[in-house]
Amino acid sequence: MKLSSFGEKFTSNSGILSLMDDLGNALASGEDMIMMGGGNPAHIPEVETAFKLRLQRILDNHDEFVRLIGTYDAPQGNKSFIDALVKLLNNHFGWGLKAENIALTNGSQNAFFMLFNLFAGDYSDGSQRQIQLPLAPEYIGYADAGLSQNFFTATRPEIEHLEDNLFKYRVDFSNIEIGKKTGAICVSRPTNPTGNVITDEEVARLDSMAQAQEIPLIIDGAYGQPFPNLLFTPATPMWNRNTILCLSLSKLGLPALRTGIVIADEAIIRALTGVNAILSLAPNSAGSLLALDMIRDGSILHLSDNVIRPFYQQRALAAADHLRSKLGSYNFHIHKPEGAMFLWLWFEGLPISSLELYNRLKARGVLVVSGHYFFPGMEQDWRHSHECIRVTYTRSPAEVQRGLEIIAEEVIRAYNEG
Ligand code: PLP
């Protein structure tokens, strides 16, 4: 089969594809794997009950049922949902949004594909631009989303050591290169894979760099404010006309309904609406319909702040404590868990690579993700990127504890090989 360069690009080995395949195959193998690799949100009973009740109300109302399954929404997304979200965000943050500032997409992954290719790649004047990721490690899902080569540039962070085996990445502003070749800046806040939350000052500096260059600052709030609000540290949400804020209903507990939300300047929303129409006719209606009431009455905030966030925060702290009790005397560090649903573990000086550690753990029935995947756009190899793994702590506490024990055993064995 002969494929176009588009075909070649999307059928060649991509990090996200091999990762998703690996996770899927492990699940399908029937073996009793401890899944600490994926980004699936936890199944939280209170959240499931809230959505079940809402779904039942939709099923009991014929008009709503028809909207759920039998009507295309507009390419910008469901109007009632967008209106309700505009109100909620304006009441909460005073951003002065209008309906023209919001578009829905089939998951935020899909929004990143559209946005990245709107701002990076080939321009009609013959120039080429890239997406700058100011703080690597960054979300693996960005890595293959560009339609051309050399699509991303990334900057190595500064590492700040903290007490209790903790560390925190900081944006290294002295090394960021933003110039004529930069199409947009993008950062996830909180960050997948590290659980880092870039500070208000870092956001403000990135915002002013983006404005000075007249390029957008894309903030990926898949885990962020105001929902699902998986932040365990104070942080101020930021939006202005130069910011593209991407939200998602996935980490609230609706990943299967593929609903992403983009909040941006009107011209960007018009562009996204056009791409939505071409790629999908319309975004999925189910997520926006299921969450509509919760957006209207604000209960989505209550659910996020009082149920979802405490659930993850408690899990994060318990997992970190457990690991410290096993590995505290080794040269081992945990990125300060400030948000999202992962622990990012750094085994400094480990004699084996993170990929080898991943394989050894897989053989012991524990699936994690090797850290080296999370450095899209980074040109120079960096030993640090082969010393880290990402661990998801969303499974049952007993399963997580068992998984962490096996991780600790394998890490100690590897250190002793050195
Ligand atoms: N951004 C980040 C940082 C993520 O971790 C994910 C999914 O794991 C996404 C975006 C995409 O999520 P979705 O397409 O389900 O909205």
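Along the sequence shown, residues carry numbers from 1. Counting convention: from 1, in listed order, for ligands and their atoms alike.
Taking every heavy atom of Arg258 and a limit of under 4.0 angstrom, the matching atoms of ligand 1 come to 13 (P), 14 (O), 15 (O). When each atom of ligand 1 is checked for a heavy atom of Asn192 under 4.0 Å away, the hits are 3 (C), 4 (C), 5 (O). Close approach of ligand 1 to Ala222 is summarised as follows: ligand atoms under 4.0 Å from at least one heavy atom of the residue are 1 (N), 2 (C), 10 (C). Atoms of ligand 1 found under 4.0 Å from any heavy atom of Tyr223 (numbered from 1 in listed order, with element): 2 (C), 3 (C), 4 (C), 5 (O), 8 (O).
Backbone and side-chain nitrogen or oxygen atoms of Tyr142 are examined, and none is located within less than 3.5 angstrom of a nitrogen or oxygen of ligand 1. For Ser250, a nitrogen or oxygen atom sits less than 3.5 Å from a nitrogen or oxygen atom of ligand 1, counting backbone and side chain alike. Of the polar atoms of Ser248, at least one N or O is found under 3.5 Å from an N or O of ligand 1, judged by distance alone.
With hydrogens and angles left out, the side-chain atoms of Glu348 and His333 include a donor and acceptor closer than 3.5 Å. Between the side chains of Thr236 and Asp200, at least one donor N or O sits under 3.5 Å from an acceptor N or O.
In terms of protein heavy-atom proximity, atom 11 (C) of ligand 1 is nearest to Ser108 OG, 3.4 Å. If you check which protein heavy atom lies closest to atom 2 (C) of ligand 1, you get Asp220 OD2, 3.3 Å. Ranking the protein heavy atoms by distance from atom 9 (C) of ligand 1 puts Tyr139 OH, 3.4 Å first.
Aromatic ring centres of Trp346 and His161 lie closer together than 6.0 Å. Aromatic rings from Phe151 and Tyr142 are positioned such that their centres are separated by 6.0 Å or more. Two rings, from His384 and Tyr169, have their centers less than 6.0 Å apart.
Heavy atoms from other residues, nucleotides or ligands lying under 6.0 Å from CG of Asn150 number 12 at most.
When Lys251, Gln109, Glu138 are ranked by how near their heavy atoms come to atom 7 (C) of ligand 1, first place goes to Lys251.
Under the 4.5 Å side-chain criterion, counting only non-hydrogen atoms from C-beta, Leu89 is not in contact with Trp239.
For the pair Arg390 and Phe374, the cation-pi criterion (under 6.0 Å, within 45° of the ring axis) is not fulfilled.
Taking a 4.0 Å cut-off on heavy atoms, Gly39 fails to register as neighbouring ligand 1.
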